[in-house]
Protein chains: 2
Amino acid sequence: MKNSDPIEDLIALLSRLPGLGRRSARRAVLRMLSDPSRQMLPLADALRAAAEAVRPCEVCGNLDTFSPCRICSDSSRERGLVCVVEGVADLWALERAQAHRGLYHVLGGTLSALGGVGPEDLSIQPLLARVAEGGVEEVILALPATVDGATTTHYVMDRLAPLGVTVTRLAQGVPIGGALDVLDDGTLAAALRARR
Amino acid sequence: MKNSDPIEDLIALLSRLPGLGRRSARRAVLRMLSDPSRQMLPLADALRAAAEAVRPCEVCGNLDTFSPCRICSDSSRERGLVCVVEGVADLWALERAQAHRGLYHVLGGTLSALGGVGPEDLSIQPLLARVAEGGVEEVILALPATVDGATTTHYVMDRLAPLGVTVTRLAQGVPIGGALDVLDDGTLAAALRARR
Ligand SMILES: [Zn+2]
Ligand SMILES: [Zn+2]
């Protein structure tokens, strides 16, 4: 005896999400099935709405419902200050910390010899083009304090050097090996203020 | 600056699921947004399909796409043996353990003085009616080994007594305070075999 297919299908899909194992997925499905019209259909609609509306910003790589995104379109932000992050999760973490009043650039990863990630796999060329265009005074490299993060930081610094822009990095304060988006807001804000 | 509304809506809905906090919900949304057509739309469709197709079985209370459910409709199951469980999660756990070859009855909870759950809030009357109809030889009470579970077990035993059906309980082996659906299959199967 197996449970019905729509239930199994749903559990299988949910259990692929990061942070949800098969057991949690099963529990979530049972909870939702106790009130499908209020718990499942709104989630289905929200997934569809997000899938249809959200796109990467063509300027910075942030995810938003329009492009350029609302950060890039916000005339009150410091347009001369661009913070380079590994991924959108880090951008969101910096925004939650209200730690950065400038713009962003999402690399989409870090260089990784083992993972086979080279410069052409990251949004490095678009960053150089953005800086070469003028108007950027300082690039803050806010990459993770990992080996790959440090490699990427040095690579990007070398590529930016000829462009005559100020390049800074997050201060020590970011724990070694730590992902940005799991830090508390205060640590993030302090590391950003003490950048070097 | 806030993130866009469809993203925030989706994170808010996902973070209400058991086992997913706000941080995991955010991570799941970012993961899904990396490939919306393959990761979000199938999940939206699966949620909708399950919401529309799944209903409680009118006989036993299991959740399935038809009623009576596939367990109640399965002529190879021992129809004289009915296992009473607190919820559908427990029924699924017993099925995964392949521990029970009979039918089920889902109470929908346990009696709780503190929680204000009385006999009329549970599927006790339908259980008595099912037994009174004839054909049930043994009722196995597989309720949790908690205070409320024990109270419910005794209450249901008292109500079943006049009907002349054999009533058994899960053997010791179920840890005190333990929910059935977090036990390993072996423990569950052993407790069921050694029922008293
Ligand atoms: Zn942008
Ligand atoms: Zn049934």
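Chain letters run A, B, ... following the sequence lines, proteins first, then strands; residues in each count from 1.
- A:Leu30 places a side-chain heavy atom less than 4.5 Å from the side chain of B:Leu63.
- For B:Arg16, the part lying under 4.5 angstrom from a heavy atom of chain A is the backbone only.
- Rounded to the nearest 0.5 angstrom, A:Arg22 CZ and B:Arg96 CZ are separated by 8.5 Å.
- At least one side-chain heavy atom of A:Met32 sits under 4.5 Å from a side-chain heavy atom of B:Leu17.
- B:Arg48 places a side-chain heavy atom less than 4.5 Å from the side chain of A:Asp45.
- Put simply, of A:Pro36, A:Ser24, A:Pro42, A:Ala28, the one with the most heavy-atom pairs under 4.5 Å next to chain B is A:Ala28.
- Between B:Thr65 and A:Pro6 there is a side-chain heavy-atom pair separated by less than 4.5 Å.
- A distance of 8.5 Å separates CG in B:Leu14 from CG in A:Leu20, rounded to the nearest 0.5 Å.
- Ranking A:Arg55, A:Glu52, A:Gln39, A:Arg23 against chain B, the residue ahead of the rest is A:Arg23, based on heavy-atom pairs under 4.5 Å.
- A:Val165 and A:Tyr104 fall within the same hydrophobic cluster, where Ile, Leu, Val, Met, Phe, Trp and Tyr residues are linked whenever their side-chain heavy atoms come under 4.5 Å apart, directly or through other members.
- For chain B, the nearby part of A:Arg31 is the side chain; its heavy atoms alone come within less than 4.5 Å.
- Tracing side-chain contacts under 4.5 Å through hydrophobic residues (I, L, V, M, F, W, Y), one reaches B:Leu128 starting from B:Ile140; they form part of the same cluster.
- Taken to the nearest 0.5 Å, the CG atom of A:Asp64 stands 9.0 Å off from the CG atom of B:Asp5.
- Both A:Val82 and A:Leu163 sit in one connected hydrophobic cluster of ILVMFWY residues. Membership requires side-chain heavy atoms under 4.5 Å apart, directly or through other members.
- When all heavy atoms are compared, the tightest approach of B:Leu10 to A:Ala50 is CD2-CB, 3.8 Å.
- Taken to the nearest 0.5 Å, the CZ atom of B:Arg27 stands 12.5 Å off from the CH2 atom of A:Trp92.
- A:Ile71 and A:Leu81 end up in the same hydrophobic cluster when Ile, Leu, Val, Met, Phe, Trp and Tyr side chains are linked at under 4.5 Å.
- For A:Arg38, the CZ atom sits in a loose shell: 12 or fewer heavy atoms of surrounding residues, nucleotides or ligands are nearer than 6.0 Å.
- Counting heavy atoms from C-beta outward, A:Leu13 and B:Leu47 have side chains that stay 4.5 Å or more apart.
- Under the 4.5 Å side-chain heavy-atom criterion for grouping Ile, Leu, Val, Met, Phe, Trp and Tyr, A:Val84 is not connected to A:Val59 through any hydrophobic cluster.
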